[in-house]
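Heads up: the structure comes next, in structure tokens.
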Amino acid sequence: MAQPIQLYNTLTRQVSPFEPIQPGKVGMYVCGPTVYDRAHVGHARSMVVFDAFSRYLRHRGWQVDYVRNYTDVDDKIIARANERGEEPVALAERFIDAFRQDAEALGLAVPDHEPRVSENIPEILALVQSLVDQGKAYPGSDGTVWYSVASFPAYGKLSGQRVDELRGDLVEGDKRASADFALWKAAKPGEPSWDSPWGPGRPGWHIECSAMSIKHLGETFDIHGGGLDLVFPHHENEIAQSEGATGKAYARWWMHNGLLTMKSGEKMGKSLGNVFDIQDALALYPAEAMRLYYLQAHYRSPLPWGDEALPEALAMLARLYEAIEVAEQMGGDEPAAKVAQDLGKEALTVLELGDRVKDRIYESLDDDFNTSKALSHAFELARAINRFSNHKKAKKRGGPVVATAIAGLRLLGPTLGLLQGSPSDFQDEVKAKRLPSLGLTVEAVEQLLQERVDAREARDWSRADAIRQEIEAKGVLVMDRPDGVEWRIRLS
RNA sequence: GGCGCUAUACCCAAGUGGUCUAAGGGAAUGGUUUGCAAAACCAUGACUCACCGGUUCGAAUCCGGUUAGCGCCUCCA
């Protein structure tokens with residue numbers, strides 16, 4: 001059964017209980033990338049946030065229909081293609097492939113629908129036609145069709161902009177008012193174009209999202225998401241076009257994720273040239289570390305990007321995996337309550353926090369998807385587990401005590417897409433991503449470690465320490481465990 | 001100029017009227033543990049929530065003002 005959840009709505013500027021059109025079902029449309037370049041870590045935030053949100057809704061029993069588009073017909077794509085002497089369509093195709101690779105590498109679930117502009121031209125034309133028929137749009141002499149903002153009195157309700165306060169006073173072409181925008185752009189030579197009642201042309205920037213969301217989710221649907229920078233004009237114009245055409249309410253909830261900011265405070269953006277590609281980040285950090293970086297802050301807050309961001313997230317993730325590993329190695333088969341009774345208050349704390357963590361995580365995420373708070377509950381539990389693990393009997397008898405706690409930590413998988421692998425897989429991934437830059441291989445490390453093991457057996461401490469120093473100088477930590485030696489990449 | 005957002009410890013960050021003598025994480029310092037380490041654990045760390053004033057029995061949380069920064073108004077997740 002779907003559970004109620006509180007959600008902030010940009011449209012109303014307040015948090016309110018989310019109520020879908022159909023009980024138990026959620027239709028959600030999120031603005032995807034314009035594919036003229038590789039996606040950067042700013043795009044990744046949006047993708048991860050909405051991926052996690054849709055996961056959580058599903059986990060809580062909602063039937064989610066998730067649509068994320070590709071804008072593959074666009075001025076910037078054409079411009080980029082011309083620069084490179086490439087066909088726009090081919091260039092878009094290449095970057096869709098690249099985006100899919102990034103999405104997969106980030107562990108994003110594939111949306112239920114991934115429509116593209118180029119495959120929805122009839123739907124777009126129908127929408128434009130409807131607006132023209134109703135007198136809410138008008139063709140210019142060159143075949144460009146403009147939307148008449150004056151025809152939509154509610155214009156500005158999402159962004160709070162007032163038409164008469166808008167700065168743009170440049171009037172291009174046959175535009176009647178400066179705020180009017182192109183639904184359909186007349187083709188220029190060498191551009192991809194489609195036939196239309198107004199001559200060959202292509203869709204304007206905003207119309208595709210209206211057409212594709214309506215196609216898959218209906219004229220009125222539940223949630224529309226995207227980056228905060230899309231509020232105006234993109235989303236405002238979507239509302240104007242869609243509601244103008246259908247006469248019905250468009251998206252009921254608008255969710256906008258905050259932007260990544262640079263140390264200086266300014267946002268990351270392609271136009272500012274300060275971007276960091278997803279693939280560059282994933283070359284050094286596991287996807288879950290990136291996800292954790294995004295999810296440790298509330299989705300609506302600005303999030304600073306810097307050199308410390310990913311290392312810190314990786315350290316956080318390692319901490320959680322460490323606790324899982326320690327817990328999973330505990331044995332025993334007595335009733336949990338009895339063991340806890342015998343082993344003292346650390347055990348009782350684990351039992352108690354373990355029992356509560358699920359509800360606490362749900363409670364946090366139900367409150368406008370407060371991932372930061374949800375994570376804090378997981379960390380609190382991790383500390384309780386670690387504290388308990390120091391008990392001499394914990395390894396032998398603690399298993400039943402930590403069972404629900406492990407399940408509680410693992411709950412971050414289906415809800416947020418975190419902690420989905422085994423602790424050793426996590427360590428292996430970190431090693432695989434880091435060893436090359438350290439100039440090492442698994443074999444090389446393990447050979448050195450074997451020499452150290454031999455030295456230790458011979459109680460040749462100075463030799464053993466010399467090897468440790470050698471290996472640690474290269475960035476590898478050596479950990480002597482009761483049952484053998486382990487090694488890790490040093491994270492800081 | 002218009003619309004909007006943010007300001008919490010060295011850093012990230014939650015908290016939006018009393019349970020806050022302010023979660024959680026990273027980093028740091030000291031300790032326990034260890035052959036030595038690492039990891040882990042313990043301790044230390046904001047008498048305070050940008051600043052000023054107000055409302056209130058009570059405010060980080062509400063109101064007003066000031067300062068700083070950011071986003072959008074042109075392409076942008």
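All figures in this text were calculated on a predicted structure; none of them were measured in a lab. So you know, we letter chains A, B, ... as the sequences are listed, proteins then strands, and number each from 1.
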Sugar-phosphate only, base, or nothing, as touched by A:N386 at under 4.0 Å among non-hydrogen atoms: sugar-phosphate

Sugar-phosphate, base or nothing in reach of A:R488, heavy atoms under 4.0 Å: nothing

Watson-Crick or G-U counterpart of B:A14, or none if no pair lies under 3.5 Å: none

Pair A:R80 + A:E83, salt bridge at N-O below 4.0 Å: yes

Considering only nitrogen or oxygen atoms on both sides, find all protein atoms under 3.5 Å from nucleotides 4-6 of chain B and state each distance.
none

Touch class at under 4.0 angstrom, heavy-atom based, for A:E322 against every strand present: sugar-phosphate

5'-most by nearest nucleotide on RNA chain B - A:V231 or A:A384: A:A384

Side-chain donor/acceptor of A:Y8 to backbone N/O of A:H256, under 3.5 Å: no

Base-pairing assignment for B:A23 (Watson-Crick or G-U wobble, both under 3.5 Å): none

Sugar-phosphate, base or nothing in reach of A:R468, heavy atoms under 4.0 Å: base

N-glycosidic conformation, B:C72 - syn within 90 degrees of 0, else anti: anti

Watson-Crick or G-U wobble partner of B:C72, both distances under 3.5 Å: B:G2

Counter-base of B:U29, judged by Watson-Crick or G-U geometry with both distances under 3.5 Å: B:A43

Distance-only donor-acceptor test, A:D480 side-chain atoms vs B:C36 base atoms, 3.5 Å: yes

B:G24 base stacked by A:F379 (centroids within less than 5.5 Å, tilt under 30°): no

Sugar-phosphate, base or nothing in reach of A:V478, heavy atoms under 4.0 Å: base

Parallel, tilted or perpendicular, as decided by the 30° and 60° cut-offs, for the rings of A:F99 and A:Y70: perpendicular

A:E328/A:R410 salt bridge by N-O under 4.0 Å criterion: yes

Assigned partner base of B:U34, Watson-Crick or wobble definition, under 3.5 Å: none

What does the list of N/O pairs under 3.5 Å between the protein and nucleotides 14-16 of chain B look like, with a distance for each?
| from | atom 1 | to | atom 2 | distance (Å) |
| --- | --- | --- | --- | --- |
| B:A14 | OP1 | A:H298 | N | 3.1 |
| B:A14 | OP1 | A:S301 | OG | 3.2 |
| B:A14 | O3' | A:N370 | ND2 | 3.1 |
| B:G15 | OP1 | A:N370 | ND2 | 2.8 |

Touch class at under 4.0 angstrom, heavy-atom based, for A:R452 against every strand present: base

A:E312 (side chain) and B:G25 (base): donor-acceptor pair under 3.5 Å: yes

